[in-house]
Structure formats: C-alpha cells, structure tokens
Amino acid sequence: MIRDNAPVILDVRNLSAKVGGAEILRGISLTVRAGEVHAIMGPNGSGKSTFAKALAGHPAYEVTGGEALFEGRNLFEMRADERARAGFFLGFQYPVEIPGVANEQFLRLAYNTVQGARGKDELDPLEFDDFVREKMKFLDMDPRFLERSVNEGFSGGEKKRNEILQMALLEPRLAFLDETDSGLDIDALRIVANGVNRLLTPDNAVVLVTHYQRLLNYIVPDYVHVMERGRIVKTGGRDLALELESRGYDWVGAKAAA
Amino acid sequence: MSTATAPFLEHLLAGQKIVAAEPAAWVNRLRAEALECAHQLALPTTRDEDWRFTDLSPLYRLAFRPAAAAARLDAAALAPFAVPEAAHRLVFVDGHFSAALSTPPAAGSAVAALPLAAALGPHGEVVHARLARIAEFREHAFRAVNTAYLHDGAFVLAPRNHGEAAPLHLLFVATQADATAQPRVLVVAEPGADLTVIEDYVSTHDGAHYTNAVTEIDVGANGRVRHVRLQRESRAAFHTATAAVRLDRDASYHAVSVAVGARISRLDHHVVHAAEGTFCSLDGLALLGGRQLADTHSFVDHAVPNTGGRQLHKTVVADGARAVFNGRVLVRPGAQGTNSAQESRNLLLSDRAQVDTKPQLEIFADDVKCSHGATVGQLEAEELFYLESRGIGGEAARNLLTYGFAAEIVGHIPVPSLVRALRETVLARTGAKE
Ligand SMILES: Nc1ncnc2c1ncn2[C@@H]1O[C@H](COP(=O)(O)OP(=O)(O)OP(=O)(O)O)[C@@H](O)[C@H]1O
Ligand SMILES: [Mg+2]
C-alpha cells in the first residue's frame with residue numbers, strides 16, 4: 001500500500017557493486033517505504049540476486065559506489081549479521097544446506113539472537129518448539145522438517161518454504177525475497193504467498209524478485225521494476241508485470257537505450 | 001628389535017605368562033605363535049611408512065603393566081555409558097570380562113553374546129574358523145601382542161537369517177591408571193543375519209592407560225552388520241586398534257567410528273570384499289584438542305568384481321592436536337565394476353593444529369569408478385553467510401558450523417541415544433550453544 005508520508009525503510013542511491021572482478025551493479029536506485037510491496041523483474045543475469053546479496057552483506061560482493069540507508073543507518077557500515085538483526089531479511093534464491101545442524105536448532109538460534117537484539121525474551125527449547133510448530137502450520141510444513149539438517153535434501157519447494165518460515169520467525173522490517181516462487185508447485189505458491197501476505201503490515205515492506213506474473217496475482221505489488229544489465233531501467237505499477245508477461249523484455253531495453 | 005621399544009614390549013608381554021592355558025589346544029598354539037611373532041616383530045616407529053606421522057615414543061617411554069583381574073567397579077560408575085536401546089551388553093573391566101556388570105542374552109537366545117573363553121566350547125568350530133584369520137597378526141606387532149593374550153574377549157554370533165533389531169553393546173572400561181588391556185572381539189553374522197554392534201571404549205579416570213584392541217567381523221552371504229566404534233577414553237590414554245572385516249557374497253557392512261578420547265590413538269580399519277555384490281560404508285570422525293593425536297588408516301580391499309564402498313572421514317582439530325588419515329583402496333586385477341568413493345574432510349580450528357591426509361588408490365582394473373577427495377581448511381563461506389544473514393554472527397556462527405561439521409557423522413549412528421550423547425560431546429567440544 002502506497003502512503004506518501006510512510007517512513008522510508010530502504011533508500012538505495014546509485015549503487016554499484018563488483019563480484020569476481022566484474023562490475024555487475026551499475027547505479028541502482030530504489031526507495032522502499034513502510035507498507036509497500038515492490039517487485040523486481042528482469043532477464044537472467046541482469047543482477048537481481050547480486051543486488052540482494054550486496055544489500056545483505058555477502059563478502060564476495062564489493063560495493064564500489066553509491067549508498068544504502070536502512071531506516072536511516074548506513075547499511076554498508078554494518079556486518080551481515082548486524083543487518084539481519086536490524087531487520088533486513090534475504091530470502092535466498094538458492095538456500096544453503098548445512099549438514100549436521102538440525103533445522104530447529106538453527107531456527108531457534110536465529111530467533112533468539114534476533115529477539116535478544118530487540119530486547120525481547122528468548123525462548124527455551126520447549127517453548128520454541130511450540131512456537132515454531134504454530135508457524136509451520138500456516139505454511140503447511142511437516143514438523144519433521146525441524147529434525148532434519150538445515151535444507152539438506154529438501155526439495156526446491158521445501159527449501160523455499162523454509163525460507164518463508166524463517167521470515168515468519170524473524171519478522172523483518174524488510175524482506176528481500178529472491179525468486180521465492182521458483183520451484184513451488186501451484187498449491188505451494190498459494191500457501192507461501194498467503195504466508196507472506198499475512199506477514200505484511202503497514203510497518204514493514206517486501207521486495208519480491210520474480211520471473212512470473214503468477215506470484216503477483218497473490219501478492220499484489222505497488223511497484224514493478226525492471227532490471228537490466230545492473231540497472232533499473234523501468235518502473236511501473238502492477239500492470240507493467242502483465243505487459244512484460246505478454247511482450248517480454250526486449251521493448252523495455254530498447255526504450256531505455258533510446 | 002629396536003632397543004628404544006624393547007623395555008616397553010617386555011613390560012607389555014610380562015603378563016602373558018599368567019594367561020591360563022585353554023582347554024582347546026589350537027588356542028594355546030595360536031597364542032604361542034603370536035607371542036613368538038610379538039618378540040620378533042619390531043614395534044612401529046616413525047621410520048615405518050605406515051607410522052610416519054604417528055609417533056608412539058611417548059607410549060614406549062612408559063612401563064605399563066597388564067591390568068590385574070577385574071577391579072571392583074560399581075554399576076553406577078557405568079551409568080554415563082548406558083545405551084538404553086541395547087537389550088544386552090558385555091562389560092570388560094581393564095580387559096577382563098565382568099559377569100556382574102554384563103547382561104548377556106540368555107542361553108538359547110537367537111543371538112549369542114558371551115566371553116570368548118566361554119564360547120570355545122559351544123561355538124568352537126565357528127571361532128576356530130575365523131579367529132585371527134580376519135585380522136592377520138604375523139606382520140603386525142600390536143595384533144600379535146593382542147593375540148598372544150587371547151583369552152578374554154567378546155564373541156557375538158547372529159544365526160542364519162536372524163534380524164536383530166536391538167543393538168548389542170560391548171563396553172570396555174579402563175579403571176586402572178598405568179595399566180594395559182588387550183580387548184578382543186569376534187563378531188559373526190551368519191548368512192542373511194542382520195546385527196548392530198556397539199564397540200565402546202571408555203575410562204573412569206583421567207589418567208594414562210593403554211588399550212590394544214583387535215576386532216574381527218565376519219559377515220556371511222546377504223548378511224548385514226552395522227558397527228559403531230566409539231573411542232572415548234581418557235585424554236591421557238593410548239589406544240591402538242585393528243578392526244578387520246570380511247564380507248561374503250552380497251553382504252554389507254556399515255561402520256561409524258568416532259574418536260574423541262586418548263592422547264594418541266590409532267585405528268587400522270580393514271575391509272575385504274571377498275565376494276561379489278558386497279558393499280561397505282565407513283564413516284569416521286575424530287574430534288581432537290589439546291595435544292591429542294588420532295590416526296585412522298583404512299584399507300578397503302576390492303578383491304573381486306562388482307563391489308562398492310563409500311567413505312567419509314572427518315576430523316576437527318583444535319589447539320596443538322593432530323589428525324592423520326590414510327585411506328587405502330585396493331582394486332585388484334579383475335575386480336571390474338568396483339565402485340568406490342572416498343572423501344576426507346578436515347577442519348582446523350587453530351594455527352597449531354595439524355592434519356595429514358592421504359588417499360592411497362591402487363587400481364588394477366579398468367572398468368571401475370573410484371573417486372576421492374580431500375579438503376583441509378576453514379568453514380564453508382556460503383554456510384557462514386547463510387547464518388549471518390539470519391543474525392547469527394561471529395563466534396556463534398563458527399561454533400554452530402563446526403558443530404554441524406562433526407555432528408553430520410554422529411547423525412549416521414543408527415542408535416538414537418548415542419546420537420544424542422555424542423551430540424552433547426560435540427557441543428561441549430565446539431562451544432556451540434544448545
Ligand atoms: N561470484 C561470481 N563471480 C563471477 N560472476 C558472478 C558471480 N556471481 C554472479 N556473477 C555474475 O553476475 C551476473 C548477475 O548475476 P545475478 O545472479 O545477480 O543475476 P540474476 O538477475 O539474479 O539472474 P537470475 O534471474 O538467473 O537469477 C551474472 O552474469 C553472473 O554470472
Ligand atoms: Mg537470481
């Protein structure tokens with residue numbers, strides 16, 4: 001929901017970043033206010049995940065210019081874990097497997113760490129178990145995923161559900177969800193999208209990276225941005241996504257280059 | 001014999017004279033032959049290729065005596081080592097069988113588990129056909145010493161086509177400081193039998209002692225043995241051991257071996273694929289700190305066509321500790337269709353920690369699939385970032401990943417209470433927060 005006077009959560013200005021020696025982001029600007037839903041679309045390799053990881057603080061992504069303010073704080077002066085505790089959440093396109101660490105153990109440590117940073121009460125293992133099972137119900141997740149190692153052997157869709165479960169537990173101010181819809185079957189897409197919608201409040205915001213209009217039928221975006229070669233080349237409303245779906249990206253790029 | 005090791009060996013063998021003669025003449029002959037070998041074979045030093053990284057001279061400087069007959073031990077002292085899933089256990093105190101502490105299956109039960117000396121009567125032929133034939137001692141001083149002491153030991157027999165759900169617990173407890181024990185185990189799974197054996201070495205004191213163990217496992221056609229080997233002795237202890245396994249047609253063997261104790265420990269783990277269709281998995285974990293050293297030498301012998309094996313050996317090495325791994329895989333001429341995958345992964349937690357890891361593939365057949373890999377290093381950067389992206393930073397993240405690295409192997413143990421207990425051990429050792 002767009003409200004002109006809503007506080008700015010994320011303000012990115014002219015961000016450029018390198019990875020593996022190559023400049024991938026070449027001047028991105030994006031402002032996200034509380035209550036808003038943004039969608040970022042764009043061809044493969046255009047830099048969407050790079051943008052997400054640079055904001056999240058991945059050490060391989062070197063910021064070479066521009067700035068990013070997160071609720072007024074300079075994001076690039078914070079370590080990755082500090083960004084997370086401050087309320088930035090990255091939903092991974094490819095969630096990482098951690099053999100040997102039980103999912104519940106990981107979820108509890110993450111939850112308690114973030115709670116602690118917010119001055120809130122931590123939960124002991126039994127309390128947390130009840131709490132997380134409640135959250136899992138909304139995502140239609142089998143409690144057996146608590147005992148298994150983090151993401152290990154999870155199917156593509158199961159990994160994505162686990163990402164949204166983490167979002168539900170950590171209640172971020174801004175969730176940057178990188179292709180959370182890829183790999184989900186039709187029912188799972190609905191369940192996950194409903195899960196995200198439930199978490200949306202006037203005080204937080206979400207950025208969805210997606211290739212498909214379908215997700216945006218469930219989570220209706222206020223803005224749709226098109227990324228190409230490390231830049232946002234076009235911004236519009238939800239209709240832009242429909243137009244992209246029928247016409248592809250060529251015309252956007254042509255116009256931007258003109 | 002090298003003079004540096006002579007006094008040690010003399011002490012080691014001093015007690016052999018007091019081992020009572022067995023009624024079975026062949027056992028007495030075997031012991032005499034082994035004693036002869038023990039006197040003739042040199043104890044290994046770092047000049048031996050197989051012992052290059054494992055310097056036993058701290059052991060050789062000691063003059064340990066063979067432990068006297070079972071010291072009295074309160075059952076309560078064993079409570080920390082209880083394995084509730086195990087319906088039966090045999091307990092050996094300082095190498096001597098303790099009837100009082102053991103809960104063997106009743107006579108006439110499907111699975112037999114009894115002291116080796118007692119098995120010579122009812123199971124004489126089964127024992128004779130296998131004992132000291134799976135673990136060859138004639139070229140190996142420590143096995144020869146152990147064989148020279150043959151008397152007490154564990155004998156386990158799962159009869160034909162019998163599937164035993166409950167694991168069997170063989171508990172070897174060291175209670176006396178400065179003493180030596182020579183544990184011996186023979187496990188026989190008859191064709192089609194299925195059995196889980198826990199071989200567990202513990203100490204009730206923090207002092208030094210020496211365990212020299214030999215375990216032989218014979219898996220009959222279509223049989224399956226799961227073997228959990230835990231070395232959680234005092235961190236001042238010395239431990240040398242052989243686990244030798246023979247697999248008959250279509251048999252399988254799954255081992256998880258964990259070393260967290262001992263000042264210096266060495267395990268020679270040998271598996272012979274003696275017939276087609278066999279499979280083995282060897283998982284290993286050494287969790288070391290202080291001045292500990294743990295050495296695993298595995299040897300998987302693909303002697304015939306169409307056999308498979310996989311191996312994952314992990315070490316976590318802190319402080320000034322050292323881990324050694326040598327993974328030998330032999331594919332003999334004609335052993336076509338061999339499928340083998342070996343991985344050695346090592347985590348160093350300090351600048352002084354050391355790992356020596358070496359795959360040793362000897363392949364004499366062409367139609368085979370054999371892979372190996374070794375990593376020595378730090379934590380996975382992507383895993384670290386994933387935790388950080390959830391707010392878990394710094395030491396907490398590193399500790400959790402270190403824990404997970406080790407706990408992966410623990411998770412392969414098919415006995416839930418042991419998984420829980422060892423996870424606690426790993427948590428304590430890696431500083432991860434529960
Ligand atoms: N670690 C790296 N080293 C070198 N190049 C990289 C690295 N990571 C990403 N790149 C390159 O950066 C470019 C942008 O990749 P990115 O993953 O951000 O694209 P994307 O828009 O998310 O694509 P997709 O829609 O396929 O997920 C690609 O050309 C990619 O190959
Ligand atoms: Mg991407």
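Below, chains carry the letters A, B, ... as their sequence lines are ordered, and counting in each starts from 1. Since the structure is predicted, the reported quantities are computational estimates derived from the model, not experimental observations.
- More than 12 heavy-atom neighbours from other residues, nucleotides or ligands sit within 6.0 angstrom of CZ on R328(B).
- Put simply, of S149(A), P99(A), A102(A), the one with the most heavy-atom pairs under 4.5 Å next to chain B is P99(A).
- Contact detail for A84(A) and S389(B): the closest heavy-atom pair is CB-O, 3.3 Å.
- Taking the six-membered ring where the residue is Trp, F92(A) and Y386(B) present perpendicular rings, their angle passing 60° and hence far from 30°.
- Taking the centre of each ring, F385(B) and Y61(A) stay at or above the 6.0 Å mark.
- Only the side chain of E152(A) comes within contact range of chain B, with at least one heavy atom under 4.5 Å from a heavy atom of that chain.
- E127(A) CD: more than 12 foreign heavy atoms inside a 6.0 Å radius.
- Using a 4.5 Å cut-off between heavy atoms, T113(A) touches chain B through its side chain atoms alone.
- Shortest non-hydrogen contact noted between I392(B) and L109(A) is CG2-CD2, 3.8 Å.
- Heavy atoms of other residues, nucleotides or ligands lying less than 6.0 angstrom from CZ of R198(A) number 12 at most.
- Under a cut-off of 6.0 angstrom, the local environment of CG in D351(B) is sparse, with at most 12 non-hydrogen atoms contributed by other residues, nucleotides or ligands.
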For residues 404-421 of chain B, which side-chain donor-acceptor pairs fall under 3.5 Å, sequence neighbours excluded?
residue: E408(B); atom: OE1; partner: K314(B); partner atom: NZ; Å: 2.4
residue: H412(B); atom: ND1; partner: D283(B); partner atom: OD2; Å: 3.0
residue: S417(B); atom: OG; partner: E85(B); partner atom: OE1; Å: 2.5
residue: S417(B); atom: OG; partner: E85(B); partner atom: OE2; Å: 3.3

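- Within a 6.0 Å sphere centred on NZ of K135(A), other residues, nucleotides and ligands contribute more than 12 heavy atoms.
- If you measure heavy-atom distances from D124(A) to chain B, you find no contacts under 4.5 Å at all.
- R390(B) places a side-chain N or O within donor-acceptor distance of the main-chain N or O of L90(A), the cut-off being under 3.5 Å.
- Taking non-hydrogen atoms and a 4.5 Å limit, the residue list of residues 62-77 of chain A in contact with chain B is empty.
- When all heavy atoms of I98(A) and L387(B) are compared, the closest pair comes out as CD1-CD2, 3.8 Å.
- Between H58(A) and E382(B), some side-chain heavy-atom pair lies under the 4.5 Å cut-off.
- Interface remark: of the candidates A381(B), G393(B), G394(B), G393(B) forms the most heavy-atom pairs closer than 4.5 Å to chain A.
- Using a 4.5 Å cut-off between heavy atoms, F106(A) contacts chain B through both its backbone and its side chain.
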